[in-house]
S.K.: 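Sharing a structure with you now.
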Amino acid sequence: MATATAGVSTSARGVVSSKAELPKPQLSKGMLRLPWASGRRASSRRLVLVASSPSTPPNISEKVVESIKKAEETCAEDAASGECAAAWDEVEELSAAASHARDKLKASDPLEEYCKDNPETDECRTYED
Amino acid sequence: MATCAVYTTPSLHSCFITSPAKTSLGFHQRQVIFFTSRRLTKRGGGSAPEVSCSAEAKTVVIGLAADSGCGKSTFMRRLTSVFGGAAEPPKGGNPDSNTLISDTTTVICLDDYHSLDRTGRKEKGVTALDPRANDFDLMYEQVKALKDGVAVDKPIYNHVTGLLDPPELIRPPKILVIEGLHPMFDPRVRELLDFSIYLDISNEVKFAWKIQRDMAERGHSLESIKASIEARKPDFDAYIDPQKQHADAVIEVLPTQLIPGDNEGKVLRVRLIMKEGLKHFSPVYLFDEGSTISWIPCGRKLTCSYPGIKFAYAPDTYYNNEVSVLEMDGQFDRLDELIYVESHLSDLSTKFYGEVTQQMLKHSDFPGSNNGTGLFQTIVGLKIRDLYEQIGAERAAAVAEAAKV
């Protein structure tokens, strides 16, 4: 899945920032199968955009880019120093945080969130016989 | 703190002491409270002392050494799921908290014990892997306090900002899991652990996983990912890797041997290295304990698709310790492969036939659900549950003995 999304995101790179505002990503998940099944290419572009994995929240994404640049600069001066290692360690830490943020976005379903706090409401009642 | 458990035998119920309680043991309990409050005020935490001394509720502490971050890892989710209930970050607290809390389990991220924040580490030129960046004294103090049933104010390390945030209150749970880079580094903390696990990812697999994780990220390239791994390697090998020898169970993840030249890291060879001779832990085995077995389940009774499944089991030595190694190479494709394999493994500590399969299915969307990583993480989770129940039964028996006297 990751390799597929990497392929998709390169083509959709220009529009990555607006992806966050696209409404109802959940709906499109179900519709995902349609373009391949029916062979309709016209609508496939819009659906393909949403199909790629959720983007990292912009602030973390910025931090990752900055830290990589800084690390490359620091290591250009002295590749064996502690500063170089610390800089790349920071990159690793931020990449991990970005990946966690992506997972959190992916996992949030508004109904599930609501029901976690209010299990007794009508929408959230479950019946196990 | 053991005295607390012994003296409360008349009522084997939990006793929550926030003020001197009116029982026949008033004198002893008051003593305990003074001791507790003094310790808490020394750390500057202003919360009221909470001593829960229940005969069966002395905390069991599990250590997990992993490089992948804190608390949100798949292993943690599988582990907490075995005990029932989903683990959530503490409600109403810092949204960037690394702690996970469920009904029975609390997972603490050891990054919270960083003594240097991100700027501090940059100035000193140390990575987070370096022991100089961590406060082991505080780690030991707080883990010991939680193990003894005392709540603590634990600092929070915010991974997004890289700063140390104000502390959060952690109440002693039934099971405390400490996850991070250095759970077994400090010998005092090591002594407190009832069980320890080390997740050993080989370099090739680590590289493949990091590529999958980071290539979609803007700014990253193959070179930057490689450079990041290379730069951290010296500190990792010096400080983190040696913890392997102290672990009770090591889950080693290697590239598969079934597909020659595979470097995608999708099919994995996973080895579960289990220490022999431990009190509350009996290793899983295949067919005949202590013998050497090589098993390919696919054949007449079970059809598997490419690349198939291969198991191996053998006794071995690992860093001068007697161990048993159970190994799985390949992937599960179908439910019946999983249940077939489960029915042939012995000493899984399951409560009913098919429990491993059920747990794996419950989280079929987690990474590793179709290979040895998911399988062995689930099995380790069941072993920990077994360990917890054994320790609980032992303590209850000890308390009953003392009551008779």
Side-chain angles (χ1 to χ4, degrees), chain A residues 1-10 12-13 16-17 52-72 74-75 78-104 106-107 112-113 116-117, chain B residues 67-74 86 88-89 91 95-96 98 111 116 118-130 133 157-162 208-221 223-236 264-266 365 367:
Chain A
M1 186 196 97
T3 38
T5 53
V8 167
S9 56
T10 43
R13 192 154 293 199
V16 157
S17 52
S52 53
S53 56
S55 57
T56 327
N59 59 334
I60 303 184
S61 202
E62 282 304 319
K63 287 201 169 121
V64 174
V65 177
E66 262 178 59
S67 66
I68 296 176
K69 254 189 262 163
K70 251 191 287 185
E72 283 168 352
T74 321
C75 293
D78 181 6
S81 67
E83 279 80 30
C84 176
W88 280 119
D89 189 42
E90 191 182 325
V91 170
E92 165 62 29
E93 195 188 336
L94 286 166
S95 305
S99 150
H100 289 321
R102 273 199 296 266
D103 288 340
K104 237 202 282 192
K106 210 192 321 181
E112 288 294 325
E113 291 294 320
K116 248 188 275 185
D117 296 323
Chain B
D67 193 15
S68 60
C70 286
K72 299 140 186 145
S73 67
T74 319
E88 303 286 333
K91 288 202 163 55
D96 290 320
N98 304 304
D111 284 355
L116 300 169
R118 207 176 283 158
T119 345
R121 292 200 298 272
K122 240 192 304 201
E123 282 169 16
K124 288 232 166 99
V126 296
T127 61
L129 306 159
D130 196 311
Y157 176 76
N158 189 319
H159 283 97
V160 177
T161 59
W209 283 0
K210 295 227 161 132
I211 291 177
Q212 283 174 28
R213 184 190 75 181
D214 293 336
M215 276 305 263
E217 190 63 49
R218 207 158 46 101
H220 259 301
S221 63
E223 290 74 30
S224 66
I225 297 175
K226 218 183 208 177
S228 171
I229 297 180
E230 293 297 319
R232 295 173 87 236
K233 207 164 182 307
D235 274 358
F236 189 85
E264 278 187 31
K266 293 231 167 70
D365 55 328

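In what follows, every chain begins at residue 1, and chains take the letters A, B, ... in the order their sequences are listed.
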S.K.: My understanding is that only one of Glu93(A), Lys63(A), His100(A) makes a side chain to side chain contact (heavy atoms under 4.5 Å, CB included) with Val160(B); could you say which?
M.R.: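 By the side chain to side chain contact (heavy atoms under 4.5 Å, CB included) criterion, Val160(B) pairs with just one of Glu93(A), Lys63(A), His100(A): Lys63(A).
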S.K.: If you tally heavy-atom pairs under 4.5 Å against chain A, which of Ser224(B), Ala231(B), Ser221(B) wins?
M.R.: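 The option with the most such pairs is Ser224(B).
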S.K.: Could you work out, with side-chain hydrogen bond (donor to acceptor under 3.5 Å, both in side chains) as the rule, every residue matching Ser95(A), not counting sequence neighbours?
M.R.: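 Once residues adjacent in sequence are excluded, the partners of Ser95(A) under the side-chain hydrogen bond (donor to acceptor under 3.5 Å, both in side chains) criterion are His220(B).
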S.K.: Is Arg121(B) salt-bridged to Glu90(A), cutoff N-O under 4.0 Å?
M.R.: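 Judged by the 4.0 Å cut-off on N to carboxylate O distance, Arg121(B) and Glu90(A) do not form a salt bridge.
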S.K.: Find the distance between CG (Asp130(B)) and CG (Asp89(A)) and round it off to the nearest 0.5 Å.
M.R.: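 Taking CG in Asp130(B) and CG in Asp89(A), the distance rounds to 10.0 Å.
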S.K.: Going by heavy atoms in the side chains, are Glu92(A) and Lys210(B) under 4.5 Å from each other?
M.R.: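 Counting from C-beta outward, Glu92(A) and Lys210(B) do come under 4.5 Å.
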S.K.: With a 4.5 Å cut-off on heavy-atom pairs, point out which of Lys122(B), Glu88(B), Arg118(B) contacts chain A the most.
M.R.: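 Heavy-atom pairs under 4.5 Å are most numerous for Arg118(B).
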S.K.: Which pair of heavy atoms, one from His159(B) and one from Ala97(A), lies closest together, and at what distance?
M.R.: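 Residues His159(B) and Ala97(A), closest heavy atoms: O-CB, 4.3 Å.
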S.K.: Just so I understand: if I count every heavy-atom pair under 4.5 Å between each of Val91(A), Thr74(A), Leu94(A), Val64(A) and chain B, which residue has the most?
M.R.: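 The candidate making the most pairs under 4.5 Å is Leu94(A).
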S.K.: Please classify the contact between Glu230(B) and chain A as side chain, backbone, both or neither, with a heavy-atom cut-off of under 4.5 Å.
M.R.: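 Contact with chain A is absent: no heavy atom of Glu230(B) under 4.5 Å.
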S.K.: What part of Ala85(A) lies closer than 4.5 angstrom to a heavy atom of chain B: side chain, backbone, both or neither?
M.R.: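 When you check distances to chain B, atoms from both the backbone and side chain of Ala85(A) fall under 4.5 Å.
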